[in-house]
Amino acid sequence: MWTSYLPYLKVVGVVSAAFFVLACSETKTEKVPVQPEVNTSKGIVYQPSELAKTMRKMYVNMKLVNEYLDSNQMIPDSLLLGYESMLTDVPTKPKEIGATFYGFAEGWLLELETFSQDRTIGNYNSLMNACVHCHQSFCPGPIKKIKRLKLIGM
Ligand code: HEC
């Protein structure tokens with residue numbers, strides 16, 4: 001019977017929800033309310049916000065950009081497009097997103113433009129610094145991970 005999997009699925013749901021809470025927080029003790037989506041056929045399912053999805057795409061694509069740059073290969077333009085949605089994406093905690101967020105976002109998009117025009121390691125690292133700057137105010141959890149995207153040897 002599929003229902004025998006239910007307790008297991010609940011555990012998976014709670015674990016991934018807990019992981020998600022940690023995504024933006026630095027300390028494991030910080031308490032952030034979570035609203036997991038409840039899906040009766042599959043137990044509790046964590047749904048990342050639109051902004052979180054865009055961020056994941058940015059992270060994965062920047063990792064590829066890093067590899068192309070590091071091995072002196074042409075960077076496909078597709079990896080540098082489609083991030084303007086960060087200005088309109090619904091975040092996990094809309095109340096925490098305000099004018100400062102949009103300032104950082106516009107700044108980041110300008111750095112992206114600069115890097116697109118002139119794809120140097122220096123411009124790439126500035127772009128990664130711009131990720132970190134916004135994260136220092138809004139989402140400190142992934143900062144270490146983002147810093148590892150930077151390249152040495154300018
Ligand atoms: C303008 C501010 C801003 C900039 C710039 C920014 N981020 Fe984010 N990032 C956020 C916020 C806010 C969240 C939380 C999103 C949510 O939970 O809705 C986030 C979440 C994330 C996450 C976690 C996503 C998840 O699974 O929950 C990763 C990874 C991430 N960002 C990587 C990056 C990388 C890499 C860059 C640069 C290429 C970047 N971010 C630039 C604000 C920013």
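Read the numbers this way: they start at 1 and go in the same order the structure lists the ligands and their atoms. Basis for what follows: all heavy atoms, side chains included, without hydrogens, waters or symmetry-related copies.
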Under 4.0 Å to a heavy atom of [X] - the qualifying atoms of ligand 1, by number:
X: Met62; result: 38 (C)
X: Arg56; result: 25 (C), 26 (O)
X: Phe104; result: 1 (C)
X: Met58; result: 36 (C), 37 (C), 38 (C), 39 (C), 41 (C)
X: Ser49; result: 16 (C), 17 (O), 18 (O)
X: Ala105; result: 1 (C)
X: Cys139; result: 11 (C), 13 (C), 14 (C), 19 (C), 20 (C)

Atom [atom1] in [X], atom [atom2] in [Y]: separation rounded to 0.5 Å?
X: Tyr124; Y: Met128; atom1: OH; atom2: CE; result: 4.0 Å
X: Lys63; Y: Lys145; atom1: NZ; atom2: NZ; result: 8.0 Å
X: Leu112; Y: Ser116; atom1: CG; atom2: OG; result: 4.5 Å
X: Cys134; Y: Tyr102; atom1: SG; atom2: OH; result: 11.0 Å
X: Ile146; Y: Cys139; atom1: CD1; atom2: SG; result: 7.5 Å

Once you restrict to heavy atoms under 4.0 Å, what part of [X] touches ligand 1? Side chain, backbone, both or neither.
X: Thr92; result: both
X: His133; result: neither
X: Pro91; result: both
X: Ala52; result: both
X: Phe101; result: both
X: Cys24; result: side chain

Taking the minimum heavy-atom distance to atom 2 (C) of ligand 1, which of Pro142, Cys134, Pro94, Ser137 ranks first?
Cys134

State, to 0.1 Å, how close [X] and [Y] come at their nearest heavy-atom pair, and which atoms those are.
X: Phe138; Y: Pro140; answer: C-CD, 4.0 Å
X: Asn66; Y: Lys150; answer: ND2-O, 4.2 Å
X: Met74; Y: Tyr68; answer: O-CD2, 3.4 Å

Test item: Tyr83 and Lys57 side chains (from C-beta on) under 4.5 Å apart, heavy atoms
yes

Can you tell if the side chain of Leu87 reaches within under 4.5 Å of the side chain of Leu109, non-hydrogen atoms only?
yes

Any N/O/S atom, backbone or side chain, of Tyr59 lying under 2.8 Å from atom 8 (Fe) of ligand 1?
no

Any N/O/S of His135 under 2.8 Å from atom 8 (Fe) of ligand 1?
yes

Min N/O separation Trp108 to ligand 1 under 3.5 Å:
no

Quick one: does any side-chain atom of Asn61 pair with a main-chain N or O of Leu80 as donor and acceptor, under 3.5 Å?
no

